[in-house]
Trainee: 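Questions regarding the structure given below will be posed in turn.
Every chain is numbered from 1, with letters handed out A, B, ... down the list of sequences. Quick note: numbers below take in every heavy atom, side chains included, and nothing from hydrogens, waters or symmetry partners.
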Protein chains: 2
Amino acid sequence: MKHLLQDLKVNINDKIYIKDPESSDLGKRIIEHSILMIQEIGFESFTFKKLGEKIGSNESSIYRYFENKHKLLLYLTSWYWGWLEYQLVFATNSISNPEEKLKRAIEIITQTIKEDSSFSHINEVLLNKIVINEYSKSYLTKEVDHENKEGYFLIYKRLVTRLKEMIHEVDKKYKYPSSLASTIIEGALHQHFLKEHFATITDCSEDVSPSTYFIDLVFKSLK
Amino acid sequence: MKHLLQDLKVNINDKIYIKDPESSDLGKRIIEHSILMIQEIGFESFTFKKLGEKIGSNESSIYRYFENKHKLLLYLTSWYWGWLEYQLVFATNSISNPEEKLKRAIEIITQTIKEDSSFSHINEVLLNKIVINEYSKSYLTKEVDHENKEGYFLIYKRLVTRLKEMIHEVDKKYKYPSSLASTIIEGALHQHFLKEHFATITDCSEDVSPSTYFIDLVFKSLK
DNA sequence: TATACTATGATAGTAATACTATTATATTTG
DNA sequence: CAAATATAATAGTATTACTATCATAGTATA
C-alpha cells in the first residue's frame, strides 16, 4: 500500500490556506512541525511565533501560508479525514459482501493509528492524536455556519456519508443511518479520549478496542 | 416539581471557584450574565472585562470569584450536569421496571431543554446550548488529567455511571455498558449540534428527536 | 459610636497573543 | 543581468489575561 499512497495528494479546499503548504519546503516544514508542536503543547498554547522559532523561520512567513492557527487546524484535520477516507475506500473497495464491507469500514475508522505511513513530512500517528484532542474545537465555533458554507468541512461530511451508505447497504430499512454513521466517527474519537483520560466511564482499554464495541453496537442495530 | 427544586443547591467542587458565586448578589449576576454572554458571543470571544461592563461591575471583582474563564466554564457545565442528574434521579426513581426506567433516563438526557425551570438566575435552556457548543472544550486540554484528579469532572462521570447502571439492570450480560452510557451522553450533545449546523450528516430534525434515535440504538443493543 | 473587617470598584501595569505593515535580503526565473 | 518572488527581520498595534495596589462603601463588632 505504501508505494501506492506515495504520490497521493489529499485535496484540500484552497480557501483554507493562503499559499499551498505542499508547494514549498517551508510549507512542508510548517505542516510537519505544527503537528509535532500541537501534539506536544496543545492547540491553546501553540502559536505561530513559537512555531517560527522551532523551524528557524519567521512568524510573518507562516502568516503567508495560513491566516491564523484556526485555519491551520482546519487544514491538518481536513488532511487527516482525507487520508482516512482514502484508507477506507482502498480497504473496502474490493469487498462485495455488505456486512463484511461495513465491518472493515468500522475497523478502519475506529482503529488506533499505529505506524507511520508514506507521507514523509506528516506523522499520521500524531495527527490522529491531534484529531482526538482538537477536532471538536474546529467546528464548535460561532463561525461554523459560515465556514461550513465555504466548504471547510466537506471531506469530513463526505466520510460520514460514505459510512452511512455502507450502513444503508446492510439494512435498507434502518431509519437512522446518518446519525449512526456520525455517532461512530465522533464516538470513536471520544472513546479513544476516554480510554486515555477518563477510564472509569468507558469499557475500552488495552484489551477491548473501540472497534469491538462499535462493531457490536452497529450490527445489533441493523437487520 | 418546580417548588421542590426551588431550594436545591447543586453541589460543586469548591476548588473550581475562589469564592462561591451563590453566596452573593454579584456572584449570581456573574453566573446569570456569563450564561447569556457565552451563548451570545461564544466562549472564545467571552472575557471577564466584557462581562464586567455588562453587569456594571469590574473585571477585578470577577477575578475574586473565578481564577479564569476556563474555571467559570467548568462551574457552569458542572452545574448543568448536576441539575440534569437531579432531573434524572427524580424522574426515574419511582420506576421499577428496568426497561421503562432506562427509557425514561435516555429521554431526560437526550431531550432538548424547553422551558425555564426554577433557578431564578440560571437559564437552563441557554445553559444546555452552552453545554452543546462548549462542553468538550472544558476537558480537551493539556490539564485534563490534573483537573480530573482534582475532581472537576466528578458530577459528569457520576451521571455516566448512573446511566451505565441502568443499562446493566436491563441486560446484565451486555459487555459495554460504560461505553454505551458515555456514547449516549456525548452523542446526544453531538446530534443536537449536527441538527443545528450539519443537517446532512444526521437523521435528527424537527420530526425525529435524538431521543428516538438513541432509544432505538440502545434497546437493539441490549438483551 | 468608633473601628475594623469585608466586598467591591477603580486604576495602573505587565507579558503574551494575534496579528499588520514595512523594509531588507536571498533565490529563482525569464 | 534584471525582474520577480519568497522569505526574513523588525517594528508596531490592539486585545487578552491577568496581578497588584489603593480607595470606598457597607456591615459587624467591641
Trainee: Over how many whole Å does the gap from B:Asp20 atom CG to C:dT6 atom C1' extend?
Mentor: 16 Å
Trainee: Answer yes or no: does atom NZ of A:Lys69 have more than 12 heavy-atom neighbours from other residues, nucleotides or ligands under 6.0 Å?
Mentor: yes
Trainee: According to a strict under-4.0 Å criterion, is B:Ser61 in side-chain N/O contact with OP1 or OP2 of C:dG9?
Mentor: yes
Trainee: Is there a residue in residues 32-57 of chain B whose heavy atoms reach under 4.0 Å of DNA chain C, and which residues are they?
Mentor: B:Gly56, B:Ser57
Trainee: Taking atom C1' of D:dA8 as reference, at what distance in whole Å does atom CZ of A:Arg64 sit?
Mentor: 8 Å
Trainee: Can you measure A:Ile18 atom CD1 to C:dC19 atom C1' for me and round it to whole angstrom units?
Mentor: 11 Å
Trainee: Out of D:dT7, C:dT11, C:dA18, which has the shortest distance to the side chain of B:Ser60?
Mentor: C:dT11
Trainee: Can you tell me if B:His192 uses its side chain to pair, donor with acceptor, with the backbone of B:Thr110 under 3.5 Å?
Mentor: yes
Trainee: Verify ring pair (Phe, Tyr, Trp, His ring centres under 6.0 Å) between B:Trp81 and B:Tyr135, making sure each step is shown before the conclusion.
Mentor: CA-CA 11 Å; B:Trp81 295 119; B:Tyr135 184 56; 5.3 Å; yes
Trainee: Rounded off to whole Å, could you give me the CZ-to-P distance for the B:Phe66 and D:dT16 pair?
Mentor: 20 Å
Trainee: How long is the line joining CD1 of B:Ile62 and P of C:dA10, in whole Å?
Mentor: 12 Å
Trainee: Between A:Tyr152 and A:Ser138, does any side-chain donor sit less than 3.5 Å from a side-chain acceptor?
Mentor: no
Trainee: Please pick, from D:dC18, C:dA10, C:dA18, the nucleotide with the shortest atom-to-atom distance to any side-chain atom of A:Glu59.
Mentor: C:dA18
Trainee: Does A:Lys19 put a side-chain nitrogen or oxygen below 4.0 Å from OP1 or OP2 of D:dT5?
Mentor: no
Trainee: Between D:dA9, C:dA18, D:dA17, which nucleotide has the shortest distance from any of its atoms to the side chain of A:Lys69?
Mentor: C:dA18
Trainee: If only side-chain N and O atoms of A:Tyr65 are considered, is one of them under 4.0 Å from the OP1 or OP2 phosphate oxygen of D:dT7?
Mentor: yes
Trainee: Ignoring hydrogens and geometry beyond distance, is a side-chain donor-acceptor pair present between B:Asp145 and A:His197 at under 3.5 Å?
Mentor: yes
Trainee: Provide, to the nearest angstrom, the distance between the NZ atom belonging to B:Lys71 and the C1' atom belonging to D:dA17.
Mentor: 15 Å
Trainee: In whole Å, I'd like the distance from the CG atom of A:Asn58 to the P atom of D:dA11.
Mentor: 12 Å
Trainee: With distance as the sole criterion, is a donor-acceptor pair present between the side chains of A:Tyr176 and B:Thr212 under 3.5 Å?
Mentor: no
Trainee: Is the side chain of B:Asn133 donor-acceptor paired with the backbone N or O of A:Leu140 at a distance under 3.5 Å, no angle test?
Mentor: no
Trainee: Under a plain distance cut-off of 3.5 Å, with no hydrogens placed, do A:Tyr156 and A:Thr77 share a side-chain donor-acceptor pair?
Mentor: no
Trainee: Dot-bracket, 5' to 3', for DNA chain C please: Watson-Crick or G-U pairs under 3.5 Å, [ ] where pairs cross earlier ones, | where the partner sits on another strand, dots elsewhere.
Mentor: ||||||||||||||||||||||||||||||
Trainee: With side chain to side chain donor-acceptor pair (under 3.5 Å) as the test, pick out the partner of B:Thr202 among A:Ser178, A:Ser182, A:Ser179.
Mentor: A:Ser179
Trainee: For the pair made of CD in B:Glu67 and C1' in D:dT19, what is the distance, rounded to whole Å?
Mentor: 13 Å
